[in-house]
Amino acid sequence: MTALAPTAVVGRARFAKVRAFGGDWIIWLSAGVLVLFALAAVFAPLIAPYDPEATDLRNVLAGPSGDHLLGTDQVGRDTFSRLVYGARTSLVGPLAVVAASTVLGVLVGLVAGWRGGRLDSVISRVLDIMFAFPALLLAILAVTLFGKGLVAPIVAMSIAYTPFIARQVRGLVIASRSRPYVAAYTVQGFSPTDVAVRRVLPNISPLILAQATVMFGYALLDLAAMSFLGLGVQPPTSDWGSMINDSRGAVLLGEPLTAVVPSVAVIVTVIAFNVLGEELGDRIARRDA
Amino acid sequence: MTALLEVEDLCKTYRAHGHEVAAASAVSFRLEEGGSLGIVGESGSGKTTTARMVVGLERPDSGRIVFRGQELSSRPRGRSERLERARAIQIVFQDPYLSLDPRVAVGAAVEQVVKLHTKLAGADRRRRVLDLLGQVGLGEREAGTLPRRLSGGQRQRVAIARALAVGPAVLVLDEAVSALDVSVQAQVLNLLTDIRELTGVGLLFISHDLAVVRYVCDEALVMRSGEVVERGSTAQLLSAPQHAYTRVLLDAIPRPA
Ligand SMILES: Nc1ncnc2c1ncn2[C@@H]1O[C@H](COP(=O)(O)OP(=O)(O)OP(=O)(O)O)[C@@H](O)[C@H]1O
Ligand SMILES: [Mg+2]
């Protein structure tokens, strides 16, 4: 999460040359992977060949085969089916975090950046303090206070992620404030609120969306970590994080596959969100430059 | 008789990097009803600062802006005061590439202003928008276009139409033709003269080029480091400049031998 500086998606032109050659394929690949996972989550019952909870103690830790594409886990559950169903929880959690923190962040950042002055100083100070607390730490704290499960970590992380959007929006709004087109709206007689919400916000929203996309990956990683620690989703529900946790025993037995499959899913998704968000952000920044 | 616009002793000092810049010191002028006044001066002489104070984008440190006998507050309160101030004075900025909202098509940009300032709706409003665009030589074809598809000259016409949509009594043009090609400049200058005759709007025309100012204005001020150093009719300023600085400005104008 530290890599996600508030300006992370704004002006990074280092790889501009490479990208000019690379063309669009990296964007399409990332988007393709994410669409695939999203479709898997939505149509899980149609795609998964087995009940993800059905155990088969006569067929545990089986390798990949025609019957079990990705093998089975230590109690004989089909890993592929669990992966497909696990996509639901794994994606819905971060979606909630990103939606909530984006709404909150836009609100706070817009007020701070647009109003400026004392209010901005106070808000900025509070955001600085919030930056000092890692999202994962807040999530763990929330669990100790409110109990295990997804709700407490999601609420805590929504708050912990808010500064990333808020700071970005504040910066973009301050930059917009001195733009002649914004000054023109003011001179024409539009109210300050109208200018901020209906004129400035739509112009900066593509960059906010890019930032939210990057955040989605990090939120997924953090929530998977919570589940891996046994603090997130509780059985019988499972997500990719809890699948990794479940397979610790198997890994010790020298059967890493059940751990590798969900780990790869997490890594691929996080990278896809990251690449997509950064890439979109760069393009928008370059287009607007 | 009360003037259309009377500016009295406007002062503005900026503090940047520890030192102070007097961007405008005691700037005063009068613009009569339907008149046109030029402001000339080199870069950094305080023209933009003065314009921004006049339209209410910048708060003067001291001084008054009086519109038809009524002082304009630099912080309008409430909707009606805001709209009233907008109808008093509008501005066209220098850079047509930055002054239009990139997301809003030309017709919509004008229409939202008409919507804010009039009760016109539906077909009536559409007609008004097309009238305004027609006044600046743009048609239905441009109405549906985003600014990025237009040339600099076309964009500046949009900016003028958008300002006129408010129905202002004064139109400030801050280097409004400086970014344009010479032939396009002439077109826009002609357009401004036509609009002034047609609508009776008072013009405050700012430029670093006295020759351009003469084209539009009968009278002008010469500014230097925030101060008005000379004022008079543009003909007189051109033929018999009193201040040495005005002569320097004149020498900068290329003239056919
Ligand atoms: N926001 C600001 N902060 C600090 N200094 C400023 C600011 N705006 C203008 N100035 C300074 O005030 C002085 C007058 O600037 P102004 O933009 O009014 O000049 P100008 O006549 O419009 O010049 P130009 O022809 O380059 O547009 C300059 O020295 C400028 O550096
Ligand atoms: Mg200027």
Side-chain angles (χ1 to χ4, degrees), chain A residues 9-11 106 109-111 113-121 168-169 171-212 280-289, chain B residues 48 51-52 54-58 75-104 108-110 112-118 147-148 155-156 158-168 170-172 174-176 179:
Chain A
V9 294
V10 191
V106 164
L110 204 57
V111 168
W114 193 250
R115 292 284 296 276
R118 196 73 145 268
L119 189 64
D120 178 33
S121 312
Q168 183 203 30
V169 170
L172 291 170
V173 167
I174 288 175
S176 304
R177 237 176 17 183
S178 58
R179 294 264 162 84
Y181 86 85
V182 175
Y185 279 130
T186 306
V187 174
Q188 282 154 28
F190 291 94
S191 78
T193 316
D194 190 332
V195 179
V197 176
R198 292 183 51 201
R199 323 289 165 187
V200 172
L201 191 55
N203 270 298
I204 63 175
S205 57
L207 279 170
I208 302 173
L209 194 70
Q211 176 83 339
L280 288 178
D282 277 358
R283 280 169 188 238
I284 297 160
R286 245 182 292 149
R287 187 200 65 192
D288 292 351
Chain B
T48 296
R52 288 177 62 87
V54 167
V55 296
L57 282 170
E58 205 83 58
R75 290 258 168 92
R77 301 228 154 263
R79 183 183 156 87
S80 68
E81 205 172 307
R82 212 169 45 232
L83 296 184
E84 241 173 72
R85 201 190 203 294
R87 283 174 209 145
I89 311 171
Q90 281 299 300
I91 187 168
V92 175
F93 295 104
Q94 171 168 9
D95 192 338
Y97 290 86
L98 298 177
S99 60
L100 301 177
D101 187 336
R103 280 182 60 260
V104 182
V110 175
Q112 61 196 11
V113 179
V114 173
K115 191 177 167 197
L116 181 68
H117 284 277
T118 68
R148 88 169 83 92
R155 288 176 200 224
Q156 210 56 312
V158 175
I160 293 169
R162 187 181 59 175
L164 292 176
V166 177
V170 179
L171 183 58
V172 180
D174 184 9
E175 306 263 16

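In this text, all values refer to a predicted model and were calculated from it rather than measured experimentally. Residue numbering restarts at 1 for every chain, and letters A, B, ... go by the order of the sequence lines.
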| said: If I measure from the heavy atoms of chain A, does B/R103 come under 4.5 Å with its side chain, its backbone, both, or neither? | reply: both
| Considering only heavy atoms, which portion of B/V166 lies under 4.5 Å from any heavy atom of chain A: side chain, backbone, both, or neither? | side chain
| message | Measuring from atom CG of B/D101 to atom CZ of A/R179, what distance do you get when rounded to the nearest 0.5 angstrom? | response | 11.0 Å
| query | Do you know the tightest heavy-atom contact between B/R82 and A/S191? | reply | NH2-CB, 3.2 Å
| query | Is it the side chain or the backbone of B/V104 that comes within 4.5 Å of chain A heavy atoms, both, or neither? | reply | side chain
| From CG (B/L57) to OG (A/S178), nearest 0.5 Å | 11.5 Å
| request: Check each atom of B/L98 against the heavy atoms of chain A and say whether the ones under 4.5 Å are side chain, backbone, both or neither. | output: both
| What closest approach, in Å, do B/F93 and A/P180 show between heavy atoms, and which atom pair accounts for it? | CE1-O, 3.7 Å
| Of the backbone (N, CA, C, O) and the side chain (C-beta and beyond), which part of A/Y185 lies under 4.5 Å from a heavy atom of chain B, both, or neither? | side chain
| task | Return the minimal non-hydrogen interatomic distance between B/S99 and A/A184, and the atom names on each side. | result | O-CB, 4.1 Å
| query | Do any N or O atoms from the side chain of B/Q90 and from the backbone of A/V187 form a donor-acceptor pair under 3.5 angstrom? | reply | yes
| request: State, without any angle test, whether B/Q112 and A/R199 hold a side-chain donor-acceptor pair at a distance under 3.5 Å. | output: yes
